Colleague: 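So that we are looking at the same thing, I have put the structure below in structure tokens.
Bear in mind the structure is a predicted one, so any value in this text is a computation, not a measurement.
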Amino acid sequence: MLFTLTNLRNTYATMLLPNSEETGFFEFMYNKRDFSLLLTVTSTGERGLLFNKRGTLDELELTLSKSFQMDSFVKQKNYWFKIRDFFEIHEGVGESYLTPIELFKTIDKKLALKKFDRTNRITSSSLYHLPNPNAVYFKTLIFWKLVNSEYPGKKPRHYTVDNRDKVAKLLPDLAKSLKDQDVTVVFQEESISQVDEQIKYSEALNG
């Protein structure tokens, strides 16, 4: 049986996707414990869910379909026991038994999106599992239409969802400018001021 994480889907559609963001960091409380959830996207377009029990190294990974649906298979495949242990769900004799659908619908309603913190780029990039999290300052642009035309015999290359998501979080103004362009942003570890960074990517866009 499939069920949809409606709040998560709607938050993605209204608060992340319009800004070209694919990943999101959420916080919620369950069973009097604080948890976080990192929404990611897999190479096949499915949605990855990485839960963390705050203050610990305990993590739980699950996968949703592209339409944010989950299958209650977790109970049939015994993964449900791992999930119950992670969320500290203890069912005693005579108590009503919680189903996966009930659990995740409850969690879905509690999810609160946390805004990406650009004041500490490296820490936030690591938190969001962005690619190459230490390289967080603009370096240059790769215009794939131009590159591919210069190497007609090779397989065409294009920007990736991961790269565009990283740009949207670190340089939202640049991401808006690149919205419909096949362009990859290359980042560097060497820090530069925000003003110099804006000048640098403006020149790369218009040069």
Colleague: Let me check something: do L103 and I101 share a hydrophobic cluster, defined by ILVMFWY side-chain heavy atoms less than 4.5 Å apart, either directly or through other members?
Modeller: yes
Colleague: Does any part of the side chain of S36, heavy atoms only, come nearer than 4.5 Å to the side chain of F25, both counted from C-beta?
Modeller: yes
Colleague: Spell out, yes or no, whether L38 and L5 are grouped together once hydrophobic residues are joined by side-chain heavy atoms under 4.5 Å, including indirect joins.
Modeller: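 As far as the 4.5 Å side-chain criterion goes, L5 and L38 are not connected within one cluster.
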Colleague: Is the shortest side-chain heavy-atom distance between E59 and L50 below 4.5 Å?
Modeller: yes
Colleague: Please assess S193 against D196 for the test side chain to side chain donor-acceptor pair (under 3.5 Å), listing each intermediate value before the final yes or no.
Modeller: CA-CA 5 Å; S193 71; D196 288 342; 3.2 Å; yes
Colleague: Ring centroid separation for Y137 and F187, is it under 6.0 angstrom?
Modeller: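 Between Y137 and F187, the centre distance exceeds or equals 6.0 Å.
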Colleague: Kindly say whether F81 contributes a backbone atom to a donor-acceptor pair with the side chain of D85 at under 3.5 angstrom?
Modeller: no
Colleague: So do T40 and H129 actually touch side chain to side chain, heavy atoms under 4.5 Å?
Modeller: no
Colleague: Donor-acceptor pair, R164 side chain versus L178 backbone, under 3.5 Å?
Modeller: yes
Colleague: Under a 4.5 Å side-chain heavy-atom rule over Ile, Leu, Val, Met, Phe, Trp and Tyr, are F68 and I83 clustered together?
Modeller: yes
Colleague: Salt-bridged, E46 to K66, with N to O below 4.0 Å?
Modeller: no
Colleague: Determine yes or no for a side-chain-to-main-chain donor-acceptor pair under 3.5 angstrom, with E197 supplying the side chain and F138 the backbone.
Modeller: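 It does hold such a pair.
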Colleague: With the threshold set at 4.0 Å, does a side-chain nitrogen-carboxylate oxygen contact exist between R54 and E27?
Modeller: yes
Colleague: Any donor-acceptor pair under 3.5 Å linking the side chain of N134 with the backbone of E189?
Modeller: no
Colleague: Report the C-alpha distance between T184 and T160 in whole Å, list the side-chain angles of each, state the deciding distance to 0.1 Å, and finish with yes or no for side chain to side chain contact (heavy atoms under 4.5 Å, CB included).
Modeller: CA-CA 7 Å; T184 288; T160 64; 5.8 Å; no
Colleague: Can you confirm whether L141 sits close enough to V183 that some side-chain heavy atom of one is under 4.5 Å from a side-chain heavy atom of the other?
Modeller: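 They are in side-chain contact.
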Colleague: Do S20 and D165 pass the side chain to side chain contact (heavy atoms under 4.5 Å, CB included) test, and can you show the C-alpha distance, the side-chain angles, and the key distance before you say yes or no?
Modeller: CA-CA 6 Å; S20 300; D165 178 62; over 6 Å; no
Colleague: Measure across L170 and S125 and return the closest heavy-atom pair with its distance rounded to 0.1 Å.
Modeller: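 Closest pair (atom of L170, atom of S125, distance): CD2-OG, 3.9 Å.
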Colleague: So do N148 and R157 actually touch side chain to side chain, heavy atoms under 4.5 Å?
Modeller: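 Of all side-chain heavy-atom pairs linking N148 with R157, at least one is under 4.5 Å.
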Colleague: Short question: side chain of T56, backbone of K53 - any donor-acceptor pair under 3.5 Å?
Modeller: yes
Colleague: With distance as the sole test, does K166 use its side chain to make a donor-acceptor pair with the main-chain N or O of N132 at under 3.5 Å?
Modeller: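 Here the side-chain-to-backbone pair exists.
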Colleague: So, do Q69 and L64 sit near enough that their side-chain heavy atoms are less than 4.5 Å apart?
Modeller: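 Not touching, per the 4.5 Å side-chain cut-off.
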Colleague: Indicate yes or no: at least one non-hydrogen side-chain atom of F87 is less than 4.5 angstrom from one of L60.
Modeller: yes
Colleague: Let me check something: any side-chain donor-acceptor pairs from residues 105-117 under 3.5 Å, sequence neighbours excluded? List them with distances.
Modeller:
| unit_1 | atom_1 | unit_2 | atom_2 | d |
| --- | --- | --- | --- | --- |
| T106 | OG1 | E102 | O | 2.8 |
| D108 | OD1 | N7 | N | 3.4 |
| D108 | OD1 | L8 | N | 2.9 |
| D108 | OD2 | T6 | N | 3.0 |
| D108 | OD2 | N7 | N | 2.8 |
| D117 | OD1 | T119 | N | 3.0 |
| D117 | OD1 | T119 | OG1 | 2.5 |
| D117 | OD2 | T119 | OG1 | 3.0 |

Colleague: Please tell me whether L130 and V161 are part of a single hydrophobic cluster in this structure, the criterion being side-chain heavy atoms less than 4.5 Å apart.
Modeller: no
Colleague: Decide yes or no on side chain to side chain contact (heavy atoms under 4.5 Å, CB included) for Y12 and E21, but give the supporting numbers first.
Modeller: CA-CA 8 Å; Y12 168 77; E21 294 185 72; over 6 Å; no
Colleague: For the rings on F26 and F35, is their centre-to-centre separation under 6.0 Å?
Modeller: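 No: the rings miss the under 6.0 Å criterion.
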Colleague: Before you tell me yes or no, could you show the steps for T4 and R9 under side chain to side chain contact (heavy atoms under 4.5 Å, CB included), namely the whole-Å CA-CA distance, both residues' side-chain angles and the distance that decides it to 0.1 Å?
Modeller: CA-CA 8 Å; T4 303; R9 181 193 62 190; 3.7 Å; yes
Colleague: Tell me whether L127 shares a hydrophobic cluster with L49, the cluster being built from Ile, Leu, Val, Met, Phe, Trp, Tyr side chains joined at under 4.5 Å.
Modeller: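 Result: no, two separate clusters.
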Colleague: Cationic tip of R33 within the cone over F28's six-membered ring, i.e. under 6.0 Å and within 45° of the normal?
Modeller: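 Cation-pi check for R33 and F28: fails.
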Colleague: Is it true that Y30 and E88 share a donor-acceptor pair across their side chains at a distance under 3.5 Å?
Modeller: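 There is no such pair between these side chains.
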Colleague: Whether the side chain of R121 engages the backbone of V136 through a donor-acceptor N/O pair (distance < 3.5 Å, no angle test) should be reported.
Modeller: yes
Colleague: Do R118 and P172 come within less than 4.5 Å of each other through their side chains, counting heavy atoms only?
Modeller: yes
Colleague: Using only heavy-atom distances, determine whether the side chains of T23 and K169 contain a donor-acceptor pair under 3.5 Å.
Modeller: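 Yes.
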Colleague: Give a yes or no answer on whether the side chain of T123 reaches the backbone of N120 with a donor-acceptor pair at less than 3.5 Å.
Modeller: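 It does not hold such a pair.
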Colleague: Can you list, pair by pair, the side-chain donor-acceptor contacts under 3.5 Å of residues 199-207, counting residues two or more places apart and other chains?
Modeller:
| unit_1 | atom_1 | unit_2 | atom_2 | d |
| --- | --- | --- | --- | --- |
| S202 | OG | Q198 | O | 2.8 |
| N206 | ND2 | S202 | O | 3.0 |

Colleague: Would you confirm whether D58, through its side chain, and N52, through its main-chain N or O, come within 3.5 Å as a donor-acceptor pair?
Modeller: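 Not confirmed, D58 side chain does not pair with N52 backbone.
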Colleague: So for atom CD, which belongs to E150, do other residues, nucleotides or ligands contribute more than 12 heavy atoms lying within a distance under 6.0 Å?
Modeller: yes
Colleague: Does any N or O in the side chain of D182 come within less than 3.5 Å of the main-chain N or O of K145, such that one atom is a donor and the other an acceptor?
Modeller: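 No, the answer is negative, given that no donor and acceptor are paired below the 3.5 Å cut-off.
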